[in-house]
Structures are given as C-alpha cells and as structure tokens.
Number of protein chains: 2
Amino acid sequence: MHREAKRSLTPTIYDVAREAGVSYSTVSRTLSGYEFVKPSTREKVLRAAEKLGYVPNHQARSLAGGRSHLIGVLVPGLNNSYIGEILRGIDEALAESEYNLLLYTTHRRQGKESHYAATIMNSGVDGLLLVVPLMATPYLDTLHERDFPCVVIDQSEETQKGAVVSGTNWQGAFEATEYLIGLGHCRIGFISGLAGLTSTTERLAGYSAALAQHGLALDERLIAEGSFLQEGGYTAAQQLLALPDRPTAIFAANDLSALGAMEAVREHGLRIPKDISLVGFDDIPQASLGYPKLTTVRQPLSEMGREAANILLEEIAHPEQPRRRVTLPTKLIIRDSCCPPAG
Amino acid sequence: MHREAKRSLTPTIYDVAREAGVSYSTVSRTLSGYEFVKPSTREKVLRAAEKLGYVPNHQARSLAGGRSHLIGVLVPGLNNSYIGEILRGIDEALAESEYNLLLYTTHRRQGKESHYAATIMNSGVDGLLLVVPLMATPYLDTLHERDFPCVVIDQSEETQKGAVVSGTNWQGAFEATEYLIGLGHCRIGFISGLAGLTSTTERLAGYSAALAQHGLALDERLIAEGSFLQEGGYTAAQQLLALPDRPTAIFAANDLSALGAMEAVREHGLRIPKDISLVGFDDIPQASLGYPKLTTVRQPLSEMGREAANILLEEIAHPEQPRRRVTLPTKLIIRDSCCPPAG
DNA sequence: CTGAAAGCGCTAACAA
DNA sequence: TTGTTAGCGCTTTCAG
C-alpha cells in the first residue's frame, strides 16, 4: 500500500476507505453507484465520505474510467444573444445531468481545424456540441471518423451523417413571407445570412417558395447579402433602400440583421412599419426590447440547445443507436414592425 | 514495461517514444518545454509526435502534474449580454494562453454553495473566475481558506481579501448624474440594481454625491428599486412615473434596467428624451442598437474579463504575489436619450 | 458482496 | 542530457 503520510488537503477514496473500514474499491463502487453493495456497507461509506467532505477527483476518474463527464461546446463566439440562448438551453440540460461544460470558441486556432478537433477530443470531453459550425467539414470528418459523439446545432452540412438539431428554417421563412404578402406587400426584400450555412439557404428557399406560391416574381435585386450580423443587415438594407423602386417590406434572415436594417431605414428618414415593414428571424431577447418591437419568426433557441444536449447525452450512453435528427418548429411572432403597404 | 498490444486510437507518449527511439520521459520533457533537451533529440521527438498526430491527454497530465490547464468561470447565467461581454474578454485572454474554459452557472445547486465551491476546486480547475457572484461569501470563504486562485469580477464583498476587477462605479454614476444636472435636470430618478451588490451600492452613492455636490436634495421617493434586469427597470420606472411630480430624467443602474424603463416611459405616452431623459450603465450592445440610442456609462466589460483572466493566470503562476485589485475606468457615452428638461 | 491488483497517460524526483 | 522509478486518484477485471 502506498500513501501513508501525505495528509493532503482533499480526502481521497483511500481516506474514506480507512474511515469506513472497507477497501478502497468498495468505496469506489459505492460512490459510482454500483448496485451490488450491501446496504449497510453503502451506509458506512456514504457516512464516511460525508464526514470527510470527500469530493471525487474528475481527472482521476476520467483517466481511469474513460469518462470525463465533460461536454465540449464549440461556439463561433460569445458576442451574440442568439448563441447565448442556445448555450442557456445546453446549460440547463447539462445541469440536470452530471456533466460539466467546457466552452470552446471557434475563433481560436483558426486554420488547423482538424488538429483542433483532435485536441478537443483529447481534452477529455465525452462529447461535443457544435453550434452553427462554419467550415465544419474538417472538424466533422475527424470527429465522425472516430465515432466521436457529437451533435450539430442549427447547421447541417450536405454530407453530414451525425445528429443535428435545428429549426424549421424553410417553413419559418415561408410563413413570414406569406404573412407579408397577406398584408398586401408585393415587393419584399430579403436580407440573407452568411453564405454556406444551411439556415441561410433554407430561409432563402422558403422566401422564394412563398413568392412563387403567390404568383410573385422573384426579383434578384431584392435579395441583398447579409452576414447574420447587425452591420451586414445595415449595409444590405442600404442597398435595398437605394433601389429605384424600393421594397415596401424587408424580411431579414435573422433578428440581428433586421435590427441593423431598422437602423438603416431610420437613417433614410423612413418609418417602421408605416413606410417599410420588417420581419426578422430568431426572436432573440432584443427583438422585443427595442422600438418598434420586431415581428419575427421565433426559433426555440434554448430548446434547441437543451434538445441537442440531451441527444448527445443519449448518444454517449448508447453509442449504438442511430443518430437522430430533430427539427423544432418555428413560429411567427407578430409584433409591431409590420403593416400593410402605404400605397 | 506495460502496454504492448493495445494499439489504441490516440497515440500516447509511449508511442512517440518508441517512434523517436527515446525514453518516454524524454518525450514528456520535450513536450512540456523542458529546456535541457538536446536539440537533436527534441527534433526527433517533435517529428515523431507530429508524424503520429500525438495530442496530449489533459486528464493524465493534470492528474500527474497537478495542473489541469482549466480555468473555471462561474457566472450567474447566460441570458444577458453583460455577462456575454465579460465572457468574451475572458475567452480572449484564455485563448492566448494554454488554458481552457470550464463554464459553471450559479443557478445550479443553489443552497449548498460551499460544497459547490469544493466541487469546483476538485473538478480540477487551476483557478476560478467569479462573475458578479451574489451571495458569494460561502464560496469565497472556502476558496480563500485553501488559497485557491480566484478573482472576482465586478463585485467585492466587504471582507474580501482576494483579487477583484471592477469598473469605477461611483465615478461613473457621479458623472452620469452630473451630466443630467448639467443639462438642467433637478428631479432625477434613480433605478437601483440588485441589493447586496457593490455595483448597486457604489452607483447609488455616486448618484447621491453628485446631487449633493450640486446642492440638490436627495428625494427618497426618486429612488426605485430595480434588479439589474429589464423587468425590474420597467417596474421601477412605473413607480417613478406614477409620482405626483415625476422626474424629468432617470438614471438607471444598468442598461437592461434603462431599456425596461424606456418601455415603461413609452407606455405612459412619453417621449425620450423630450419628456424624460434616460441614462444607463454598462453600454451593452443593445444600448446602441435600439431607438433612441441610449446614453450610458460605458464599462469596459470585455476588458474587465480579459484583465481578470490575466490576473488569475498570473496568480496561478506566482501564488506568492499579493492579490491585485484593479479598477478600470468607465466613460460616459453620450447618445440620443438625453436632452434638457422641457420646462 | 468485497478485496487485491493492474493500470489509465503523464509528470517528477532520482540516478546515471 | 537522458533513463528509471514512482505514483497522481480512480475504475475495473479477477478472484474469492
């Protein structure tokens, strides 16, 4: 037996074992919820652990058991309440489990993605949650190659095999556009999102489909490229407003863009919704905070996070099961940024 | 020597050692930046590691070396871009180091704070960053007791010994109030923050001091209790607006409250700044996003995060050095939510 | 149901 | 400068 002096600050299972008068493997079993431990023994162990203020050492547990109880979450950045909401959902789900959350941001170590993926895998996380991964193919390839448990949130690369959680992008965009059409708008501008993301593609498709369904021609000039960021929305709106026959309504691919557009509209001396109607996507907290309150397609962001986390946990527990793909419903939230066109 | 078959998926230092034809401790030394390794040996090791795609195992490294390269960050929640900004700063600082970020949210395990603190310490983090910890005394006691490296952001308990990073709350509030007074306002309402937080106390003190300095009486009824949340600001503003001689300006202890107040003002059919001037605190992204753009006291949130992280890293590296207390300057950002009073 | 023994992958004295 | 030897604290067979 090793360890004899060395009364360290934090007690280990050895200490608990001595206190309880059992072997340390019994302590280990008890503490990790092994069922075949005699109740009276379990009692003794638990009491001893309690008395000593024992707290398990994750590193050791992980090293020996191969399970770290750590979930990695890869986000593009933190400067965005869209991400914040998703994270909140993830955190909620994880809080109910025994898992902790290791946060990674993409902006780090750009370029060597696949090595980064390897690093993450080896940082001991049991699974990985990828939030809107851009250029994710290198990650995902490495990840899938090793059957590493992971689920992607709000993005699905064409060739992707793994689990995905997202909202009904097409449907949401379709409804929003249809709503605008129903209000009487014929020239509806669209501010797209970041190229390469499925959310961008799908929302654009939904927009186009709604126009088509209602016999409205698709005018390429009414589609301005945004970036999912406020600034992109601002610039895109400028473009749209500079058009000779400018749109009477604008549908932005996300709220941040819509908010940016709102600013541009104001600077042009136009009023919302009087002169221009505006619809966003996401329903981030600021959508209902500003003035006028933004009509938008709500995406259940935190639920998406929670759902993704739960799927991941499930996948870790039962690796054999087929990967799930979940699409959560979006919902048009009508607030104050739309009305029938002036003419 | 153990390990002979067991060609696992990820190579270990043993594999690298074999590949490089050296002992595994040499590999360990090389990889952990020990300086007295013969250059040619280092070369061989590095090449072998590269070839095998070696990635260190954090758990093992931590268990053996006592350093996990993990920093815990304890935040009250994620639903707030104030937190988001601070996190961003922390993340930036950590990205430049070799540290990863383990995220904890306070809402978990409420009640048994000190046990929670113990858990965090044993979760293997090398240090802890506490963002506006409410009811932190139990945590901090446990933490300080064991000389656990930690720094608190934007809050300093009375009896606190550890490192703290915060903004110039008093000064910022003083300036904001003075600005309002300079504009000609005499009845200035104050929406306070959450009771028990130093930021709340200090900002209130700054507000009072400015009034006093300019010979304005402190009217208790002009001080409404908020919560640092939008809703609290809304309710507090309602109160203020219901006053027989309502204020011509309101200074809210943070932007979220100010935004809430803005909504209440609007609902009362009043205009900002025409009828009521409004000043916030923090300068979160939404402050400049909405309409009108909010005049506010900017707090260098992300810098505070970055600074705190750097101090923590420093403290981990040199535990002997005295704890630092850093106060970063705030700055009044004048935008569109204030003007001289109507009368 | 419980104890003994063997590592998980790596760091850190201690020699050589 | 490099190899050898012990563990870090815990999980997990394998025997009782």
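In what follows, every chain begins at residue 1, and chains take the letters A, B, ... in the order their sequences are listed.
At least one donor-acceptor pair under 3.5 Å links the side chain of B:Thr106 to the backbone N or O of B:Val75. Side chain of B:Asp126 to main chain of B:Ser68: a donor-acceptor pair is present (N/O by atom type, distance under 3.5 Å, no hydrogens or angles).
Remark: C1' of C:dT2 and CD of A:Glu35 are 15 Å apart, rounded to the nearest angstrom. Atoms CD (B:Glu43) and P (D:dT1) sit 15 Å apart, rounded to a whole Å. The distance from atom CZ of B:Arg18 to atom C1' of C:dC10 is 16 Å, rounded to the nearest whole Å. We find that OH of A:Tyr34 is positioned 17 Å from C1' of D:dC10, with the value rounded to whole Å. Between the CG atom of A:Leu52 and the C1' atom of D:dG9 there is a distance of 15 Å, rounded to whole Å. Counting to the nearest Å, the C1' atom of D:dC8 and the CG atom of A:Leu63 are 9 Å from each other. Remark: P of D:dC8 and CZ of B:Arg67 are 18 Å apart, rounded to the nearest angstrom. One can place CZ of B:Arg29 at 11 Å from P of C:dT11, the figure rounded to the nearest angstrom.
Between B:Asp15 and B:Lys51 there is no salt bridge, since none of the side-chain N atoms of the basic residue sits less than 4.0 Å from a carboxylate O of the acidic one.
Each of A:Leu31 and B:Phe36 lies near DNA chain D, and the nucleotide nearest B:Phe36 is the one positioned closer to the 5' end. The residue among A:Arg61 and B:Ser25 whose nearest nucleotide of DNA chain D lies closer to the 5′ end is B:Ser25.
For the OP1/OP2 pair of C:dG3 and a distance below 4.0 Å, the side-chain nitrogens and oxygens of A:Thr26 include at least one atom meeting the criterion. The side chain of A:Thr12 contributes no N or O atom lying less than 4.0 Å from OP1 or OP2 of D:dG9.
If you check every strand for non-hydrogen atoms under 4.0 Å, B:Ser28 touches a base. Within the nucleic acid shown, B:Val22 comes within 4.0 Å of sugar-phosphate atoms alone, with no base atom in reach, counting heavy atoms only. Residue contacts shown for A:Ser62 are absent, as no nucleic acid heavy atom lies under 4.0 Å away.
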Carefully, step by step, assess B:Ser302 and B:Glu85 under the rule side chain to side chain donor-acceptor pair (under 3.5 Å). CA-CA 5 Å; B:Ser302 67; B:Glu85 285 297 300; 4.7 Å; no
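Comparing C:dC10, C:dA6, D:dT2 by their closest approach to the side chain of B:Tyr24 singles out C:dC10. Considering only side-chain atoms of B:Ala64, the nucleotide from C:dG3, C:dG9, C:dC8 that sits closest is C:dG9. Checking C:dG9, D:dT2, D:dC10 against every side-chain atom of B:Ala60, the shortest atom distance belongs to C:dG9.
Between A:Tyr24 and A:Tyr14, the ring planes are tilted. Angles from 30° to 60° get that label.
In this model, a side-chain donor or acceptor of A:Tyr14 finds a partner on the base of D:dC10 within 3.5 Å.
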